[in-house]
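These figures come from a predicted structure and were not determined experimentally. So that the names make sense, note that chain A is the first sequence line, chain B the second, and so on, each numbered from 1.
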Protein chains: 2
Amino acid sequence: MVTARSTTKPSARERLLAAANELFYAEGVQSVGIDRVIEHAGVAKASLYNTFGGKEQLIRAYLDHRHAGVTARLVRAVEGRATPREQMLAVFESQGAQFGKPAFHGCAFIRASAETSPGSLVAEAADNYRAWLRELFARLADEAGAADPEALARQLQLLYDGATVAAAMDHDPSVAVASRAAAAALIAAATGDFGWAPPPPAPAAAAGPGAPDPLPATALG
Amino acid sequence: MVTARSTTKPSARERLLAAANELFYAEGVQSVGIDRVIEHAGVAKASLYNTFGGKEQLIRAYLDHRHAGVTARLVRAVEGRATPREQMLAVFESQGAQFGKPAFHGCAFIRASAETSPGSLVAEAADNYRAWLRELFARLADEAGAADPEALARQLQLLYDGATVAAAMDHDPSVAVASRAAAAALIAAATGDFGWAPPPPAPAAAAGPGAPDPLPATALG
DNA sequence: CGTAATCTGGACAGATCTGTCTGAAGGGGT
DNA sequence: ACCCCTTCAGACAGATCTGTCCAGATTACG
């Protein structure tokens, strides 16, 4: 009822969402006008207002669509790893793989939030996205045996946010290696799987026979 | 010839810069129109165009003004500490102290860049700012004896960027404690220096009447 | 085939924004 | 007093944007 058959021409709603995804993400939700969206989608203006109700709702639908896409990609990346620690790193690797793509323009939620006033539908969508990612990090941090899973989750989200911002603003995909290395160091510090003890000047060798595998913090490049 | 005495009435240029700083930072450089800026500054529209040439140049001047302010604040914070490690942490503490202020709305350069197309004067100002901060981190990392100062500097900048984004989007000043702790862990991992005392004074009092944690009604818990 | 829903193309209104221009007021230096 | 420069107040043009509306074309489906 809400979607058309895949064999026929995509419905006006789907074409509008696809056009909004391209234009809003590439140029910003405020800079792109309604006329350009409907022209790029090949639909009439009335279809947009009949389907979504207005520009703000279209932006919200665009962000929700992106939320679903990122969620699916990260879930897929996490499912491919065995241990919670590797799953956390897989999140950063999946993120880092986006940096090199030509269509990468940073985090859609950060960008859209910077363009709109707080309390809008945009902020709501951004809150949903951020809460989902934080809960993913918190669950993995808990499974990894972190002393304070919430604290580690928050630290990892700081890194995640900073990585998108830096990669977009500096046009530098190599941010991925820095963020992954930093994530590995933070995970190590929070789970104590290699030498992290405040007072003693213990050297690096803390990985005993029963300890989890020590990993090179400089993998991925 | 370009500035007036501080005892007399501020010049049109200064009043315009002050108004731009308030309005652009609080509501975004695109959302705020020229008319609101000149009304808030109490100057004529012709004065704006005679002084700056156009809106884009005013935005650029606003960002340069902010760049100078942040630079001065961070330099002051760094000068108050003795060791390079403490100086790096002082950067995060100075940043974290901003999170609780009611006028805090995230990083002006990130916000402005999200609102404008790349290659503009805004991107230029943002590049200058980011390069300055990165060199500060790199210098301190080198003095701290990091094995790879550039790598540590980049990691710290990721944290710095992520902290502003998270503090602004989540309306949560307690991000400051997470970013400082993460910075300390990254510094320790990169320098092998785990020098620690009891937890130093908290950078920001998280007590804010209007900043509760948002409780997002997210699916997929 | 016929009906009902959907989509289309475009005109239109109302608002807003940037930038220009005019004409006058004010203030400091010589 | 005179001159020069800055500033003020606001009208105005030109463009753009959101949202509404309408009559005709198209499509789905019984």
Side-chain angles (χ1 to χ4, degrees), chain A residues 1-20 22-63 112 114-117 120-122, chain B residues 1-20 22-63 111-112 115-117 120-122:
Chain A
M1 56 200 64
V2 67
T3 59
R5 292 288 143 264
S6 58
T7 60
T8 71
K9 183 174 70 174
S11 67
R13 178 187 190 91
E14 292 175 55
R15 275 182 291 163
L16 279 170
L17 261 184
E22 287 184 29
L23 296 177
F24 284 162
Y25 180 63
E27 307 180 31
V29 295
Q30 292 284 350
S31 304
V32 175
I34 287 294
D35 290 332
R36 289 195 53 208
V37 176
I38 66 171
E39 178 198 357
H40 195 268
V43 304
K45 188 181 279 192
S47 298
L48 190 156
Y49 284 93
N50 283 335
T51 306
F52 292 99
K55 188 184 184 183
E56 189 175 8
Q57 290 90 335
L58 174 64
I59 296 173
R60 172 60 187 264
Y62 144 70
L63 288 178
E115 285 183 273
T116 55
S117 40
S120 62
L121 293 177
V122 168
Chain B
M1 73 179 292
V2 66
T3 58
R5 291 280 145 266
S6 58
T7 59
T8 71
K9 183 174 74 173
S11 67
R13 179 187 187 90
E14 293 176 52
R15 275 181 292 163
L16 278 169
L17 261 184
E22 287 184 29
L23 296 177
F24 284 161
Y25 181 62
E27 306 179 31
V29 296
Q30 293 283 351
S31 304
V32 175
I34 287 293
D35 290 331
R36 289 195 54 207
V37 176
I38 65 170
E39 179 198 355
H40 195 268
V43 305
K45 188 181 278 193
S47 298
L48 189 156
Y49 283 92
N50 283 335
T51 306
F52 293 98
K55 188 185 184 182
E56 190 176 8
Q57 290 89 335
L58 174 64
I59 296 173
R60 172 60 188 264
Y62 144 70
L63 288 178
R111 290 194 57 180
E115 285 182 274
T116 56
S117 38
S120 62
L121 294 177
V122 168

For atom CD of A:E39, decide whether the heavy atoms of other residues, nucleotides or ligands shown that lie under 6.0 angstrom number more than 12. no
To the nearest angstrom, how far is A:I38 atom CD1 from D:dG19 atom P? 12 Å
How long is the line joining CG of A:L48 and P of C:dT8, in whole Å? 11 Å
As a test of reading the structure: which of D:dG19, C:dT18, C:dC7 is closest to the side chain of A:S47, going by heavy atoms? C:dC7
With a 4.0 Å cut-off on heavy atoms, is B:D35 in touch with a base, just the backbone sugar-phosphate, or nothing at all? base
Between D:dT16 atom P and B:Q30 atom CD, what is the distance in whole Å? 15 Å
Could you state the interatomic distance from CG (A:L121) to CD (A:E56), rounded to the nearest 0.5 Å? 4.0 Å
Any side-chain heavy-atom pair of B:L48 and B:K55 under 4.5 Å: no
Please report, rounded to the nearest Å, how far the P atom of C:dC17 is from the CD atom of B:E115. 14 Å
Between B:R15 and D:dC8, does any side-chain N or O lie under 4.0 Å from OP1 or OP2? yes
Using whole Å, what does the distance between atom C1' of nucleotide C:dC7 and atom CZ of A:F52 come to? 14 Å
Distance, rounded to the nearest Å, where A:K55 contributes NZ and D:dT16 contributes C1': 11 Å
Categorize A:G42 for me: base, sugar-phosphate, or nothing, with a 4.0 angstrom heavy-atom threshold over every strand shown. sugar-phosphate
Against the side chain of B:Y49, the closest entry in D:dC8, D:dG19, C:dT20 is C:dT20
Looking at C:dT20, D:dT18, D:dC8, which one has an atom nearest to any side-chain atom of B:A46? D:dC8
Protein-nucleotide distance (B:R36, atom CZ; C:dT18, atom C1'), rounded to Å: 16 Å
Going through the checks in order, is the side chain to side chain contact (heavy atoms under 4.5 Å, CB included) test met by B:L17 and B:F52? CA-CA 10 Å; B:L17 261 184; B:F52 293 98; 4.2 Å; yes
Kindly compute the distance separating OG1 (B:T116) from CD (A:E115), expressed to the nearest 0.5 Å. 9.0 Å
Taking atom types as they are modelled, would you say the side chain of A:K45 forms a donor-acceptor pair with the base of C:dG10 within the 3.5 Å cutoff? no
Nearest whole Å is fine: how far is C:dT20 P from B:N50 CG? 10 Å
